[in-house]
Amino acid sequence: MPAQPQSVTLAFPDGATRTYPCPVTGHDVAAAISPGLAKAALAVRLDGGLRDLTRPITADGAIEIVTGKDANPEVLELIRHDAAHALAEAAKELYPDVQVTIGPAIEDGFYYDFARDEPFTPADLEAMEARMREIVARDEPITREVWERDDAVRYFDSIGEHYKAEIIRDLPDDEEITIYRQGGFVDLCRGPHLPSTGKLGTAFKLTRLAGAYWRGDSRNAMLQRVYGTAWRNRKELDAHLHRLEEAARRDHRRLGREMTLFHFQEEAAGAVFWHAGGATLYRTVRTYMRRRLEAADYQEVQTPELVDRTLWERSGHWEKFREHMFVAETEDSGGSTLALKPMNCPGHVQIYKQGLKSYRDLPLRMAEFGCCHRYEPSGALHGLMRLRALTQDDAHIFCTEDQITAETGSFIRLLRLVYRDFGFEDVLVKFADRPEVRAGDDAVWDRAEAALLGAVEETGLAVEHNPGEGAFYGPKLEFVLADAIGRSWQCGTLQVDFVLPERLDALYTATDGERRRPVMLHRAILGSFERFIGILIEHYAGNLPLWLAPRQVVVATITSDADGYAREVHAALEAAGLRAELDRRNEKIGYKVREHSLAKVPVLLVVGRREAEQRQVAVRRLGDSARPVLALGECVSALAAEAQPPDTTGGTDTPMN
RNA sequence: GCCGACGUAGCUCAGACGGUAGAGCAACGCAUUCGUAAUGCGUGGGUCGGGGGUUCAAGUCCCUCCGUCGGCACCA
């Protein structure tokens with residue numbers, strides 16, 4: 001240990017420096033400035049890193065006093081981490097038989113994993129939250145100690161905290177073992193922490209109970225995880241709870257029922273029953289994608305859904321994914337086993353292989369909207385977002401290695417255009433490169449990775465690097481879009497594949513007459529149609545733009561005197577290609593407005609005696625109480641123009657250049 | 001698949017201690033012709049997720065299977 005200096009000189013964010021006798025703590029520094037600051041202080045930032053307020057400072061450096069008013073996300077992390085400790089202390093007090101394990105801060109809150117034979121109940125959750133509030137009221141000092149590794153292991157084993165002892169045993173040798181003590185609770189923790197439990201405040205709430213595997217491994221014991229949320233103050237907590245309600249209000253499963261788009265039932269778990277409205281939405285999205293792909297020089301194909309297992313054996317799927325495949329037999333199949341396709345690519349290679357291909361045929365872009373079945377674990381199913389029967393906007397590009405960059409570039413341009421058409425502007429790209437276990441030469445990987453990265457960089461999109469996360473058969477790009485309330489959804493993907501053309505023996509004749517292997521690019525923009533429609537519903541909270549809405553316009557009458565005219569209006573709308581309905585029921589107009597508003601119909605044309613006489617319509621847009629009166633012809637042509645899919649409006653968008 | 005909660009009318013939900021199912025909305029019928037988010041009156045509707053058990057008696061207690069929800073794990 002170097003000798004401790006007599007004094008330390010600390011530089012403040014405003015540029016001022018002060019010298020203190022050594023050792024000095026963050027608390028001392030704050031107190032020397034003002035008692036108010038000492039009270040508000042939660043931690044210090046010393047040379048950029050957050051540090052306990054009570055920890056001695058023994059060297060010169062740059063210091064900043066961190067308070068609850070600090071907008072820095074680190075403050076929230078500190079609060080959440082302390083909330084997790086308070087939860088653990090509460091749990092130990094209430095249930096002495098629990099073992100504590102880990103309790104980190106996470107997005108919006110924190111959790112703590114406990115080991116205990118008896119399951120926690122919702123009542124236990126309330127009891128723990130109440131005890132946490134007591135612990136905050138006690139304002140217990142939180143102190144830091146450095147222990148010898150062996151002492152720490154022995155101590156935690158002796159008090160029955162075997163998980164903690166295991167964590168310490170597995171810490172790297174050079175890691176300092178620090179222990180935090182608050183009240184009667186002693187925990188291994190890297191820190192930093194607040195100076196006392198009172199500083200945590202009361203803007204927290206325990207939210208739910210869940211199971212979680214020890215160390216995230218399904219072979220390990222299942223622990224009980226308690227989730228909570230914690231914020232700087234009541235206002236932030238309320239805002240967060242409000243955001244949760246908003247997300248629940250947008251839930252596509254609920255909106256799907258309210259808008260009669262689709263339903264699920266037990267006999268077909270993980271598969272969708274699309275009702276007329278949902279099927280219309282689906283068809284609109286699919287027709288749009290067909291036009292976009294056709295314009296981008298893709299050829300659409302269709303391959304069998306039920307295929308003999310020998311093909312899956314050759315493609316390698318049988319070996320790797322057999323337990324996730326649905327198999328089928330018939331009375332007469334004589335021992336042969338068929339399987340529902342989990343993906344389209346092996347079928348596409350079969351089409352590619354019909355006849356000899358030359359370099360002149362490449363790149364060959366083969367698209368299919370084929371229904372795939374995957375036996376997903378029961379716990380994974382989630383509305384439209386995770387299904388057992390799904391349809392991707394799938395395509396495979398057979399090309400030469402030299403063409404990867406150009407193909408990737410034009411794919412990304414197409415993808416951005418599509419996302420923009422659906423109302424998504426923010427796109428993040430994740431670049432996953434070679435994993436440890438992989439097929440193919442390093443030289444080929446070098447070229448493929450460089451090609452992908454180069455193509456992405458040209459587009460100027462934000463890139464996140466995921467080292468080692470590529471598929472065993474090649475590197476990949478994943479495209480993540482952000483929805484209206486800031487949630488991220490990974491939809492698009494582009495994967496380079498060196499392996500499948502080899503396994504299924506795809507070839508082309510090169511310029512020199514030699515037979516070569518093409519590279520396959522597996523790519524999708526929406527991901528699955530089902531899931532993307534779920535995302536659209538949540539993004540728009542059910543208020544779909546006119547071109548996507550299953551029912552675009554409802555004509556509603558006020559009195560039966562207007563019935564004849566209303567029929568004319570309805571016919572004019574349909575003639576203009578709009579999806580329109582006529583509501584002549586003997587109900588008050590307020591009732592009709594409410595009903596169609598709840599069903600999220602974007603445009604309501606109200607006609608009464610006045611409109612019939614003037615040949616006009618009163619236009620009511622969803623969510624807007626204004627109701628301008630327009631001439632019939634003018635209104636129909638304006639709506640017809642607005643309802644045009646964005647790719648058909650004659651813009652300058654051409655994805656290929 | 002694992003942990004926990006849940007499954008009652010089309011939907012949202014009530015149904016202490018086991019004693020043979022109830023409301024609102026919706027649906028249907030009748031009346032009402034009405035000017036922008038619920039017109040009134042009336043009627044019908046449930047083998048309480050499936051199966052098994054305990055009991056004189058099960059929506060209620062036990063076992064089991066299925067499904068849903070929230071996580072975890074998984075996601076070619």
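Chain letters run A, B, ... following the sequence lines, proteins first and then strands; every chain starts at 1.
- When the nearest nucleotides of RNA chain B are assigned to A:Arg225 and A:Asp561 by heavy-atom distance, the more 5′-ward of the two goes with A:Asp561.
- Neither OP1 nor OP2 of B:C75 sits under 4.0 Å from any side-chain N or O of A:His382.
- The phosphate of B:G1 (OP1 or OP2) has no side-chain N or O of A:Arg219 nearer than 4.0 angstrom.
- The side chain of A:Val606 lies closest to B:U36, out of B:A76, B:U36, B:G7.
- Neither OP1 nor OP2 of B:C72 sits under 4.0 Å from any side-chain N or O of A:Arg215.
- Applying the Watson-Crick and G-U wobble criteria (two distances, each under 3.5 Å), B:U68 pairs with B:A5.
- For A:Tyr213, the side-chain atoms get nearest to B:C72 when compared with the rest of B:G49, B:C72, B:U68.
- Nucleic acid contact for A:Leu604: none, since no nucleic acid atom lies under 4.0 Å from a heavy atom of the residue.
- Between the NE2 atom of A:His252 and the C1' atom of B:U68 there is a distance of 13 Å, given to the nearest Å.
- Base pairing analysis places B:G44 opposite nothing; no Watson-Crick or G-U wobble pair with both distances below 3.5 Å involves it.
- Heavy atoms of A:Ala471 sit nowhere under 4.0 angstrom from any nucleic acid atom.
- Contact annotation for A:Ala212: backbone-only contact, meaning every heavy-atom pair under 4.0 Å involves sugar-phosphate atoms and none involves a base.
- Residue A:Arg609 places at least one side-chain N or O under 4.0 Å from the OP1 or OP2 atom of B:C34.
- The pair A:Arg523-A:Asp394 does not count as a salt bridge, with every side-chain nitrogen at least 4.0 angstrom from each carboxylate oxygen.
- For A:Ser560 against B:U33, a side-chain N or O and a base N or O form a donor-acceptor pair under 3.5 Å.
- Across all strands shown, B:G10 forms a Watson-Crick or G-U wobble pair with B:C25, both key distances being under 3.5 Å.
- With P as the reference atom, B:G4 and B:C62 are 15 Å apart, rounded to whole Å.
- Contact annotation for A:Glu323: no contact, since no heavy-atom pair falls under 4.0 Å across all strands.
- Between the OG1 atom of A:Thr101 and the CD1 atom of A:Ile167 there is a distance of 6.0 Å, given to the nearest 0.5 Å.
- Closest to the A:Met222 side chain, of the nucleotides B:C2, B:A76, B:U36, is B:C2.
- For A:Phe321, counting side-chain heavy atoms from C-beta on, the closest listed nucleotide (B:A37, B:A76, B:A73) is B:A76.
- Residue side chain A:Gln265 does not reach the base of B:G49 through any donor-acceptor N/O pair under 3.5 Å, judged by distance alone.
- For B:G19, the paired base is B:C56 (Watson-Crick or G-U wobble, both distances below 3.5 Å).
- Using a 4.0 Å cut-off, no side-chain N or O of A:Ser218 falls inside it from OP1 or OP2 of B:G1.
- In summary, the aromatic rings of A:Phe120 and A:Tyr95 are positioned with their centroids under 6.0 Å apart.
- A salt bridge is defined here as a Lys NZ or Arg NE, NH1 or NH2 lying under 4.0 Å from an Asp or Glu carboxylate O, and A:Glu449 with A:Arg438 fails to meet this definition.
- In this model, no side-chain donor or acceptor of A:Tyr375 finds a partner on the base of B:G1 within 3.5 Å.
- The residue A:Arg257 sits close only to the backbone: its heavy atoms come under 4.0 Å of sugar-phosphate atoms, none of a base.
- Residue-level contact check: A:Glu587 touches the bases, meaning some heavy atom is under 4.0 Å from a base atom.
- Nearest nucleotide to the A:Arg374 side chain, out of B:A76, B:U36, B:G67: B:A76.
- A salt bridge does not link A:Glu245 with A:Arg249: every distance from a Lys NZ or Arg NE/NH1/NH2 to an Asp or Glu carboxylate oxygen is 4.0 Å or more.
- In this structure, B:A37 makes no Watson-Crick or G-U wobble pair, since no nucleotide meets both defining distances under 3.5 angstrom.
- What separates CG of A:Asn220 from P of B:C3 is a distance of 15 Å, to the nearest Å.
- When heavy atoms are screened at a 4.0 angstrom cut-off, A:Phe120 is found touching no nucleic acid atom at all.
- Using a 4.0 Å heavy-atom cutoff across all strands shown, A:Gly379 reaches at least one base atom of the nucleic acid.
- As judged by a 4.0 angstrom heavy-atom cut-off over every strand, A:Arg620 is placed among the base-contacting residues.
- Look at the C1' atom in both B:G15 and B:A9: the space between them is 14 Å, to the nearest Å.
- Taking only side-chain atoms of A:Tyr473, from C-beta outward, the nucleotide of B:A76, B:G67, B:C72 with the closest atom is B:A76.
- Taking the six-membered ring wherever Trp is involved, the centroid distance between the rings of A:Tyr112 and A:Phe110 does not fall below 6.0 Å.
- A:Pro377 comes within contact range of at least one nucleobase, with a heavy-atom separation under 4.0 Å.
- Residue contacts shown for A:Gly216 are limited to sugar-phosphate atoms, with no base heavy atom under 4.0 Å away.
- The residue among A:Phe264 and A:Thr559 whose nearest nucleotide of RNA chain B lies closer to the 5′ end is A:Thr559.
- Donor-acceptor pairing under 3.5 Å, judged by distance alone, is absent between the side chain of A:Arg253 and the base of B:C69.
- A:Lys588 comes within 4.0 angstrom of a nucleotide base, judged by non-hydrogen atoms across all strands.
- As judged by a 4.0 angstrom heavy-atom cut-off over every strand, A:Tyr591 is placed among residues touching the sugar-phosphate backbone only.
- The residue A:Tyr111 sits apart from the nucleic acid: no heavy atom pair falls under 4.0 Å.
- Rounded to the nearest Å, the gap between the C1' atom of B:A37 and that of B:C41 is 23 Å.
- Within the structure, every side-chain polar atom (N or O) of A:Arg322 is placed at least 4.0 Å from both OP1 and OP2 of B:A76.
- Checked against B:C75, B:G35, B:A76, the side chain of A:Arg610 finds its nearest nucleotide in B:G35.
- With salt bridges taken as basic N to acidic carboxylate O contacts below 4.0 Å, none links A:Lys600 and A:Glu258.
- A salt bridge links A:Asp251 with A:Arg253; the closest basic N to acidic carboxylate O contact falls under 4.0 Å.
- Across all their heavy atoms, A:Val617 and A:Glu611 have their closest contact at CA-CG, 4.0 Å.
- As a whole-Å value, the separation of A:Arg208 CZ from B:G70 C1' is 6 Å.
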